[in-house]
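The structure appears below as structure tokens.
The chain is numbered in sequence order, starting from 1. Below, all heavy atoms of this structure are taken into account, side chains as well, without hydrogens, waters or symmetry copies.
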Amino acid sequence: MNLKSLFASSIASFALLTANPALADDQTQSEGPAIWKVADADTTIYLFGTIHALPPEIEWFDDDIANALNASDTLVTEISMAPGNEEAMQQYALQAGTLPSGTTLRSLLTPEQTATYEDALSKVSLPEAAFDQFKPWMAGLSLTMLPLIQQGYSADSGVEKVLEANSDPEKALDALETAEFQIGIFDNLPQEKQIAFLMEASVGVDEAKATLDAMVAEWLEGDANALAELMNEGLTDAEVANALLYNRNATWAQWIDSRLDTTPGTVFVAVGAGHLAGEQSVQDYLAERGIMVMRVQ
């Protein structure tokens, strides 16, 4: 797992159509974050990619996105956006991501790994013991996000927050997963893979903002192929890729298929770009089910 793998799975998000004969042919719509649609006789489901943290000055919420959101009866995100859920998730993450008493993070690392990790901490102005109580995955996530926050990215400006702010307060909210499930994906990784992720995050501290800046630029331009290449080029670990992306993509495609069959109405689904980009995307799994996806922006 590396920094780009994490962006692909849970930080940066974008909807894109991959080449597949069961899908729509037109992949060259106008500039702007892409919107896709699946529909049957009585149900329409929009698919939209999100970037969970953005600089506040970036403007992306255009009329097409607003119209699709306003037309939808339900806003579906990866995890619940209900009041209090964000704080509860943070508390759960801290609980799950804390090492047992008597064990420190640096005690799990080799001397070479420790040197790399401590150098990364110094670059974000943190003391060497800052994350000693954290499991490697929790420290890795922290080192992934902290440089972005320090350089102007904010979760309060993230796409989900903007969608929520621009939604009718009476609009129904739904979620594809629970916070516990998402945290469990990281917490259940073998320790050696958690440490490998921490090392990648440590090495990538200097590149974090430039990496996400490049992804945001492609997202704003609606360049699906370029964004997919940026996001997924580092997914070389099959176990991690399955846990973070592919297994979830298949599950979400099943959810969409079931929703089409059982519940009439219009739904706006906002999920991460790694799930809607490249091979084995949600769109690919929908295609396997014979469901056509059309790009509408």
Side-chain angles (χ1 to χ4, degrees), residues 1-27 33-39 45-52 76-79 137 144 159 175-178 181-186 188-190 193 196-197 200 211-212 214-215 218-219 222-261 267 269-295:
M1 178 176 5
N2 65 16
L3 188 61
K4 291 180 180 178
S5 304
L6 178 63
F7 285 148
S9 63
S10 62
I11 291 181
S13 309
F14 181 77
L16 95 110
L17 185 65
T18 57
N20 192 304
L23 303 183
D25 292 329
D26 185 0
Q27 301 186 43
I35 308 171
W36 308 96
K37 181 176 76 172
V38 299
I45 299 177
Y46 293 102
L47 302 176
F48 183 68
T50 70
I51 295 180
H52 303 319
V76 178
T77 49
E78 290 186 25
I79 60 173
W137 68 263
T144 301
V159 172
L176 297 169
E177 297 173 342
T178 65
F181 174 83
Q182 287 202 349
I183 292 168
I185 293 173
F186 291 98
N188 292 328
L189 288 173
K193 294 188 184 297
F197 165 52
E200 291 285 355
T211 298
L212 192 51
M215 292 180 182
E218 304 296 358
W219 179 73
D223 191 334
N225 293 331
L227 186 61
E229 183 177 354
L230 278 173
M231 286 186 162
N232 294 333
E233 65 182 7
L235 281 175
T236 58
D237 188 307
E239 181 178 354
V240 172
N242 285 330
L244 288 178
L245 289 174
Y246 306 140
N247 294 341
R248 298 165 73 198
N249 293 349
T251 298
W252 294 355
Q254 181 179 7
W255 183 94
I256 291 169
D257 193 359
S258 177
R259 183 67 183 242
L260 287 170
D261 290 340
V267 182
V269 176
V271 296
H275 304 289
L276 299 166
E279 296 181 358
Q280 299 185 63
S281 63
V282 172
Q283 292 94 324
D284 282 348
Y285 286 109
L286 287 172
E288 291 180 3
R289 293 171 172 268
I291 298 173
M292 178 175 288
V293 182
M294 296 179 61
R295 182 168 178 173

I need the [X] [atom1] to [Y] [atom2] distance, nearest 0.5 Å.
X	Y	atom1	atom2	answer
L176	W255	CG	CH2	5.5 Å
N242	I185	CG	CD1	11.5 Å
T144	L212	OG1	CG	11.0 Å
Q182	L244	CD	CG	10.0 Å
H275	Y246	NE2	OH	11.0 Å
E279	L245	CD	CG	12.5 Å

* With a 4.5 Å heavy-atom cut-off, do V282 and L286 have their side chains touching? ->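 The answer is yes; the side chains approach within 4.5 Å.
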* Non-hydrogen side-chain atoms of V269 and W252 separated by less than 4.5 Å ->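 A side-chain contact is absent here, since even the closest heavy-atom pair is not under 4.5 Å.
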* **F197 and F186 aromatic ring geometry - parallel, tilted or perpendicular at 30°/60° bounds** =>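 Aromatic pair F186/F197 classed tilted.
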* Asked: Can you name the nearest heavy-atom pair linking P33 to F48, along with the distance?
  ->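 So the minimum-distance heavy-atom pair works out to CB-CE1, 3.6 Å.
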* Heavy-atom pair with the smallest gap, counting every atom of S281 and N249 ->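 Result for this residue pair: CA-ND2, 3.7 Å.
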* To do: Just jot down the side chain to side chain donor-acceptor pair (under 3.5 Å) partners of Q280, sequence neighbours excluded, or say none.
  =>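 In terms of side chain to side chain donor-acceptor pair (under 3.5 Å), with neighbours along the sequence ignored, Q280 is linked to Y285.
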* Verdict with reasoning, M215 to I51, per side chain to side chain contact (heavy atoms under 4.5 Å, CB included) -> CA-CA 9 Å; M215 292 180 182; I51 295 180; 5.6 Å; no
* **Those residues that, when tested against Q254, pass side-chain contact (heavy atoms from CB on, under 4.5 Å) (two or more places apart)** =>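 Checked Q254 against side-chain contact (heavy atoms from CB on, under 4.5 Å); matches are R289.
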